[in-house]
Amino acid sequence: MSDTHSGVFYITTPIYYVNDRPHIGHGYCTILADVLARFHRLFGQETYFLTGTDEHGQKVQEAAVKRGMSSQAHVDDMHRHFRDLWPTLHVSNDDFIRTTEPRHVRVVQHALQLLWDRGLIYRGEYEGFYSPRVEKFFAADELVDGKCPETGGEVHQIKESNYFFRMSQYRDALVAHIHAHPDFIRPESRRNEVLGFLKQPLQDLCISRPKARLEWGIPLPFDPDYVTYVWFDALLNYCTAAGLYLDDERFAHLWCGVHHLIGKDILTTHSVYWTTMLMALELPLPRHIIAHGWWLVDRTKMSKSLGNVVDPLAMKDKYGVDSLRYFLMREMVVGLDADFTEEAFLKRHNFDLANDLGNLANRLAKFVQRSMGGVVPAPGEGSGTPHDDDLRAMATGLPARVRELVEDLRIEAAVEAVMNLVRRINRYVAETEPFKVIKTDPAHAAGAVYHALEGLRFALNLLAPIMPGKCSELLAAIGAPPPVTSLDALRWGDLPAGAAVTLQDAPFPRHEVPTFQAADPGAAPAPARKPGKAGAAAREAGPSGAPGPADATPAPMGVAQAGVASGDPSAAPAKVTYDHFAALDLRVGTVLAAEAVAKSDKLLRLDVDLGEARPRQVVAGIAKAYAPADLVGRQFLFVANLEPRKVFGLLSEAMVLAGHDDDGLAAFSPLRPLPAGAKAS
RNA sequence: GGCGAAGUAGCUCAGACGGUAGAGCAGGCGGCUCAUAUCCGCCGAGUCGGGGGUUCAAGUCCCUCCUUCGCCA
């Protein structure tokens with residue numbers, strides 16, 4: 001990113017779909033954008049940081065209907081899940097855009113009218129198969145067994161008149177641009193992916209939906225019977241916030257430094273749809289499109305359609321927002337996938353933050369408080385050892401190195417570079433031994449402590465974009481000035497002698513790394529598994545340490561079986577206390593919908609009303625016993641608090657209880673109808 | 001099937017321009033005691049997925065095969 005050395009740094013996250021609950025994927029992307037924004041502010045660049053919510057589309061409309069409220073009221077409520085979350089994660093966005101805001105509607109309609117006037121949008125016939133769940137059209141040959149190729153859900157054949165954007169004519173220009181700007185799409189593997197995609201002819205893009213089918217969208221300015229396709233609407237948010245068609249000067253100023261941070265799942269929409277839209281609108285293309293990877297939690301990708309979530313709120317509440325931010329930035333290489341396990345998280349927290357950084361601050365502070373009157377000592381002539389120069393050289397050379405790495409998006413390497421300074425300071429303390437020298441040579445002991453504290457101040461300032469809260473606190477606690485606002489202002493020797501060192505408690509308390517034991521059938525129940533921990537537990541705790549079968553996940557298929565189950569019936573399970581039984585959340589659920597799972601002859605996908613705000617998805621291995629149509633409206637017994645599990649790509653959020661014999665399965669059902677969600681005991 | 005990426009110590013991963021394999025964690029040994037049983041030092045022969053090739057020299061370039069993953073609206 002050599003071209004970011006000066007000028008504006010305008011960083012965007014995707015706008016998040018308002019129907020989702022925020023999960024680690026949203027959290028990571030937004031925190032990464034925040035870290036980049038904070039670093040670029042430190043680099044002295046004017047920085048503008050945008051995030052927001054995507055609020056139109058079919059699913060919003062449906063969810064609103066289900067809740068019995070207007071679509072607007074629904075999104076007004078839902079967007080808070082995101083907007084209110086970011087401050088708690090120390091996200092410093094300058095703006096939060098909602099696609100339902102008048103400022104945005106205006107820009108979308110203006111852009112559409114412009115393209116319509118220029119003949120870049122035309123009306124045409126569309127024929128295809130529509131999947132409501134993903135809001136996409138598919139050609140006949142794309143369907144899998146007549147079902148949606150992405151979800152296996154129902155599709156409807158639709159023939160309708162629609163409006164199309166002449167995307168096809170921009171293919172050559174786009175390919176040329178990507179070749180001319182090798183780092184336009186990052187990382188390189190994603191760039192290759194887009195180039196590969198563009199080897200085929202590019203089609204025109206359908207940018208409308210008839211109002212008869214979907215009302216909740218921005219009306220086309222030139223045909224009120226249609227609303228705008230959500231992507232065409234959503235992508236323009238980046239321009240709206242910069243002032244397009246409102247404040248030309250401001251827009252031109254910000255837009256020349258725009259960087260889009262996205263997940264790899266929306267690479268095509270950004271690098272093809274969006275860039276050709278910009279070409280058609282005769283606007284400059286973004287500097288960079290940066291596609292990050294996914295966090296794999298229990299070997300399952302986090303995604304909006306699966307709904308499996310590790311709640312970032314829960315992680316930060318448990319261990320602190322700064323540790324969470326540190327882990328996310330240190331562990332993931334931008335662009336690649338990474339595993340999220342609580343064990344890895346706690347190791348980072350304990351080793352890097354508690355042992356190295358926190359302990360360094362603590363050991364220095366306690367020593368100063370005990371032996372140096374509780375104030376930063378005078379540097380004097382230093383420690384009287386050659387290590388001073390070495391330490392100072394490393395610290396003062398670090399800002400430039402960190403900047404280089406951050407501009408190259410190697411955040412994990414930048415973090416590691418700073419942590420190497422922290423480790424160097426710990427070594428420096430061992431080398432200069434101020435705690436020994438103080439008895440014989442107090443001036444040199446003071447000098448050594450000053451050097452160590454000053455080195456620590458450098459490290460904390462360079463980590464401040466990652467951990468803004470803790471770094472500010474710690475700087476204050478060691479008597480240092482507040483975090484610098486520009487790296488140029490980070491100068492060796494600015495730590496004022498005589499300032500009070502007030503640090504009291506260990507800044508990063510250690511947490512025990514839980515050990516997960518094999519689920520011994522005769523033993524007490526295993527400790528409650530933490531979110532995202534099951535995979536690692538299985539890997540490490542398989543019987544006799546054999547990882548194979550555990551990894552292959554013989555998976556409860558969303559159905560528990562009683563009766564003559566396979567195995568040895570004489571091996572009766574150990575008795576459990578009533579409390580153990582009561583820990584199970586057994587409830588009556590009403591099947592709202594049922595359908596076969598693609599590529600499986602055993603599984604059914606059920607939507608089950610368990611008396612909650614929204615139905616749960618249950619993947620049950622009962623397809624051989626029941627036809628989907630026979631289940632709808634019937635009630636069965638479910639385990640409602642079983643850890644959710646992905647089966648055949650679908651998240652199963654509860655387990656149906658059934659017995660079986662040689663003739664197959666029989667699910668347990670109440671003898672008379674009960675309210676959905678009724679507890680069983 | 002087409003295109004692309006990855007396969008390096010028990011684990012997680014680094015390894016611009018080709019020159020006799022590195023870090024962290026885990027494990028072993030030792031040291032210090034200011035500090036959160038923390039910190040510091042020492043200990044790593046791992047066919048760098050298999051095979052072939054180019055080269056004085058190849059995880060590092062070329063070919064091929066295997067495995068895993070991604071993209072193909």
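Below, read A as the first sequence line, B as the second, and so on, with proteins coming before strands; counting in each chain starts at 1.
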| query | Between which residue ranges does RNA chain B form stems of three or more consecutive Watson-Crick or G-U wobble pairs, both distances under 3.5 Å? | reply |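 For RNA chain B the paired stretches long enough to count as stems (3 pairs minimum) are B:1-7 with B:66-72, B:10-13 with B:22-25, B:27-31 with B:39-43, B:49-53 with B:61-65.
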Which of A/Met467, A/Arg330, A/Lys470 passes side chain to side chain contact (heavy atoms under 4.5 Å, CB included) with A/Leu353? It is A/Met467
**Inter-nucleotide P distance (B/rU55, B/rC66), Å rounded** = 28 Å
NA contact type, [X], heavy-atom cut-off 4.0 Å: base, sugar-phosphate, or nothing?
{"X": "A/Leu195", "value": "nothing"}
{"X": "A/Asp505", "value": "nothing"}
{"X": "A/Gln203", "value": "base"}

For nucleotides 59-63 of chain B, print each protein N/O atom paired with a nucleotide N/O atom at under 3.5 Å, atom names and distance only.
none

Report all interatomic pairs (protein N or O, nucleotide N or O of nucleotides 5-13 of chain B) with separations under 3.5 Å.
none

Going by heavy atoms closer than 4.0 Å, what residues in residues 470-478 of chain A are next to RNA chain B?
->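 Correct list: empty, so none.
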Its contact letters, B for base, S for sugar-phosphate only and - for none at protein heavy atoms under 4.0 Å, make nucleotides 29-37 of chain B read ---SSBBB-
Once side-chain hydrogen bond (donor to acceptor under 3.5 Å, both in side chains) is applied, what residue pairs with a partner in residues 373-386 of chain A remain, sequence neighbours excluded?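 Only A/Ser383-A/Thr385, A/Ser383-A/Asp388 qualify under side-chain hydrogen bond (donor to acceptor under 3.5 Å, both in side chains).
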Would a line drawn from the ring center of A/His511 to the ring center of A/Phe345 be shorter than 6.0 Å?
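Ring-ring flag for A/His511/A/Phe345: false, centres at least 6.0 Å apart.
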